[in-house]
Amino acid sequence: MAELLARRRSVRAFRGTPVPRAEIEAILTAARQAPSGANLQPGRFIALTGAPLAALTDALTGAAAAGRPHVSQYSYFPDDMTPDLKERQRAAGYALYEALGIARRDVAGRRAQFARNYRFFDAPVGIVVTIRADMGKGCFMDLGLSMMALMLAAEDRGLATSGIGALANHGDVAAEQLGLPGGEIVVCGIALGHADPDAPVNAVRTERLPLAEYADLRGFDES
């Protein structure tokens, strides 16, 4: 498991190789094995490929290209980013754009790269993650556990993924396109497929904090 976790990364360039339905069903079944408080099993995964995926990406890219204001159906980032959080965000962005050869002042290049979120980075499978709006914060946490289980299950099968928080920027457009029932909101997307090993963007690895900065171990022997 440690090796699987270390191998997983956010992939933003995919081969066009289709992923069989049986593979997707196995991955989604594994995702639902994640822990769930009171066994509520919150959230849904809507997996798309082919024409349904193309219709959704057309709607999303059209909304973004039109300059439509973002719709905030839930809060993702803190209202006020502290300096340490801003630094991590900037470092991740700089690493990505550097790998793509996009200069820091190249606003058009950055916008074009960001727009690829709405195409699921051209992955053969796009998954839309949803949850009922009346669910509590703990249910969002449980949904996150299920998403991680999904990503690890995909990695275990030689497939790659990337979470796409930007999908929520036009969550109402996605909800309308997918015919979601009222009260169900779009949390994010997940791109899934076979990674393109030759794409420079896939070489990017964001750094993780050292253990001492996020964990406090008490009562343990130093050995």
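The model shown is predicted, which means the values in this text are computed figures rather than measured ones.
In this structure, the separation between CD1 on I131 and CD on E184 is 9.5 Å, given to the nearest 0.5 Å. One distance of note links CD1 of I102 with CZ of R111; it measures 13.0 Å at 0.5 Å rounding. Atom CE of M148 is separated from atom OG1 of T161 by 8.5 Å, given to the nearest 0.5 angstrom. E87 CD to L85 CG: the interatomic distance, rounded to the nearest 0.5 Å, is 10.5 Å. Rounding to the nearest 0.5 Å gives a distance of 9.0 Å between CG of D122 and CG of L53.
For S10 and R12, the side-chain atoms include no donor-acceptor pair closer than 3.5 Å.
Comment: D172 engages R68 in a salt bridge, judged by a side-chain N to carboxylate O separation of less than 4.0 angstrom. Taking 4.0 Å as the cut-off between side-chain N and carboxylate O, R88 and D84 count as a salt-bridged pair.
Scanning all heavy atoms of the two residues, the minimum distance from F114 to A166 falls at CZ-CB, 3.5 Å. Shortest non-hydrogen contact noted between V204 and A99 is CG2-CB, 3.3 Å. Contact detail for P210 and Y214: the closest heavy-atom pair is O-CD2, 3.3 Å.
For the pair R104 and Y97, the cation-pi test (distance below 6.0 Å, angle within 45°) is failed.
With T49 contributing its side chain and P124 its backbone, the two residues share a donor-acceptor pair below 3.5 Å.
Under the 4.5 Å side-chain criterion, counting only non-hydrogen atoms from C-beta, L56 is not in contact with D58. The side-chain heavy atoms of Y118 and N169, taken from C-beta on, include a pair separated by under 4.5 Å.
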